[in-house]
Amino acid sequence: YILAYVDRVNIGFAKLQMQQDLGMSDTVYGIGAGIFFIGYFLFEVPANIMLQRVGARLWLGVLMVLWGMVSCCTIFARGATSFYAIRTLLGIVESGFFPGVILYLTFWYTRKHRARMVALFMCAAPLSGVIAGPISGRIMAKMSGVGGLRAWQWLFLIEGIPSAIAGLVTMFYLVDGPGKAKWLSAEERDHVL
């Protein structure tokens with residue numbers, strides 16, 4: 001969730017340089033930053049249906065790889081239309097992660113323990129600012145012109161790659177639920193189920 005938030009809010013760090021380079025007004029920027037949530041809102045429920053059909057390991061992993069790649073593709077924005085398209089697509093591919101993880105937690109934790117686990121999960125939102133702020137600031141201050149890219153392009157590239165890598169790791173190591181966890185004893189599995 002930390003990575004999701006970083007990829008969602010890094011647009012704020014890129015704003016000034018990106019607007020100047022692409023000739024975007026504040027209105028265009030504001031629409032592009034906010035349009036993310038339209039795709040997110042429209043695809044949350046269908047994404048959770050997919051999670052139940054294909055399993056958490058595959059679905060959450062694929063979503064993470066996709067949102068990392070889409071975030072990286074922000075480097076190709078050239079104006080309002082491409083910016084809107086990329087931000088909408090980012091909202092769509094990120095839409096299944098939060099509700100998917102909340103659903104996944106219900107597979108593992110009883111009602112008595114679930115609130116604590118959800119609260120811990122949601123702590124990632126403020127923590128992402130603590131982590132991403134200094135990193136994003138450093139990228140914006142030091143990377144402009146490196147390899148022919150502007151600093152805002154490096155920001156999206158550098159901060160999108162960890163999400164894609166985490167998605168690949170998820171596809172290999174996450175289990176779909178307690179019923180498939182080979183490391184649980186039969187008694188532990190029965191307790192959770």
Side-chain angles (χ1 to χ4, degrees), residues 1-11 33-74 86-133 135-136 156 158-193:
Y1 199 42
I2 290 172
L3 297 172
Y5 248 81
V6 168
D7 287 339
R8 189 179 307 171
V9 301
N10 58 10
I11 194 75
I35 206 166
F36 166 93
F37 294 99
I38 293 173
Y40 194 97
F41 172 76
L42 293 174
F43 286 87
E44 277 182 302
V45 173
N48 255 12
I49 292 168
M50 286 299 296
L51 182 138
Q52 290 181 318
R53 289 191 180 162
V54 302
R57 179 182 58 80
L58 181 62
W59 186 245
L60 294 175
V62 166
L63 288 179
M64 293 172 76
V65 169
L66 288 174
W67 98 53
M69 292 171 54
V70 171
S71 185
C72 288
C73 285
T74 308
I86 292 166
R87 291 296 293 176
T88 301
L89 187 57
L90 184 60
I92 291 169
V93 296
E94 262 193 48
S95 69
F97 185 73
F98 179 84
V101 170
I102 297 300
L103 177 63
Y104 186 72
L105 291 174
T106 68
F107 302 161
W108 288 93
Y109 295 98
T110 64
R111 186 171 296 165
K112 178 181 174 184
H113 298 100
R114 200 172 302 143
R116 180 178 295 149
M117 294 305 106
V118 170
L120 285 172
F121 173 65
M122 292 187 71
C123 284
L127 187 58
S128 69
V130 172
I131 294 169
I135 294 170
S136 297
F156 292 111
I158 291 170
E159 292 183 352
I161 290 171
S163 298
I165 292 169
L168 293 172
V169 171
T170 298
M171 285 190 269
F172 285 104
Y173 293 105
L174 189 72
V175 292
D176 288 326
K180 294 187 178 181
K182 295 176 182 164
W183 43 269
L184 288 176
S185 69
E187 182 182 330
E188 291 170 327
R189 194 174 299 114
D190 290 341
H191 179 72
V192 175
L193 293 173

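- Residues Arg8 and Ile11 come closest through the heavy atom pair O-CG2, 3.8 Å.
- Annotation: the span from Thr74 atom OG1 to Ile86 atom CD1 amounts to 5.0 Å, rounded to 0.5 Å.
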*Yes or no on side chain to side chain contact (heavy atoms under 4.5 Å, CB included) for Leu89 and Cys73, after CA distance, side-chain angles and deciding distance?*
CA-CA 10 Å; Leu89 187 57; Cys73 285; over 6 Å; no

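- Proximity of Tyr1 to Val101: side-chain heavy atoms (C-beta onward) are nowhere separated by under 4.5 Å.
- No donor-acceptor pair under 3.5 Å is formed between the side chain of Trp59 and the backbone N or O of Arg53.
- Atom CZ of residue Arg114 and atom OG1 of residue Thr106 lie 5.5 Å apart, to the nearest 0.5 angstrom.
- Summarising the geometry of Ala56 relative to Tyr104, their closest heavy-atom pair is CB-CD1, 3.4 Å, with the distance given to 0.1 Å.
- Ser163 approaches Leu3 most closely through the heavy-atom pair OG-CB, 3.5 Å.
- Once rounded to the nearest 0.5 Å, the distance linking CZ of Phe172 with CZ of Arg57 reads 9.0 Å.
- In terms of heavy-atom proximity, Val6 sits nearest to Ala132 at CG2-CB, 3.5 Å.
- Of the options Trp67, Tyr40, Phe43, a side-chain contact (heavy atoms from CB on, under 4.5 Å) to Val93 is made by Trp67 and by none of the others.
- Annotation: Tyr109, atom OH; neighbour count of heavy atoms from other residues, nucleotides and ligands within 6.0 Å does not exceed 12.
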*asked:* Between Gln52 and Leu103, is the side chain to side chain contact (heavy atoms under 4.5 Å, CB included) condition met? List the steps.
replied: CA-CA 9 Å; Gln52 290 181 318; Leu103 177 63; 3.7 Å; yes

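- Nearest heavy-atom pair across Ser71 and Asn10 is OG-ND2, 4.2 Å.
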*Can Phe121 and Ile102 be said to form a side chain to side chain contact (heavy atoms under 4.5 Å, CB included), step by step?*
CA-CA 9 Å; Phe121 173 65; Ile102 297 300; 3.9 Å; yes

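- For the pair Ser95 (side chain) and Ile92 (backbone), a donor-acceptor distance under 3.5 Å is present.
- Taking the side chain as every heavy atom from C-beta outward, Glu94 and Tyr5 never approach each other to under 4.5 Å.
- A donor-acceptor pair under 3.5 Å is formed between the side chain of Thr170 and the backbone N or O of Ala166.
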*Let me see the working for Glu159 and Ser136 under side chain to side chain contact (heavy atoms under 4.5 Å, CB included), right down to the final yes or no.*
CA-CA 8 Å; Glu159 292 183 352; Ser136 297; 2.6 Å; yes

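- Taking every heavy atom of both residues into account, Ala33 and Arg87 meet most closely at O-NH2, 3.4 Å.
- How far CZ of Phe156 is from CG of Asp7: 9.0 Å, rounded to the nearest 0.5 Å.
- Surrounding CE of Met69 are at most 12 heavy atoms belonging to other residues, nucleotides or ligands under 6.0 Å away.
- Ring geometry for Trp108 against Trp183 counts as parallel: the plane angle stays under 30°, on a 0 to 90° scale with 60° as the upper cut.
- Taken to the nearest 0.5 Å, the CD1 atom of Ile131 stands 4.0 Å off from the CD1 atom of Ile2.
- In this structure, CG in Leu42 is found 10.0 Å from OG1 in Thr88, a value given to the nearest 0.5 Å.
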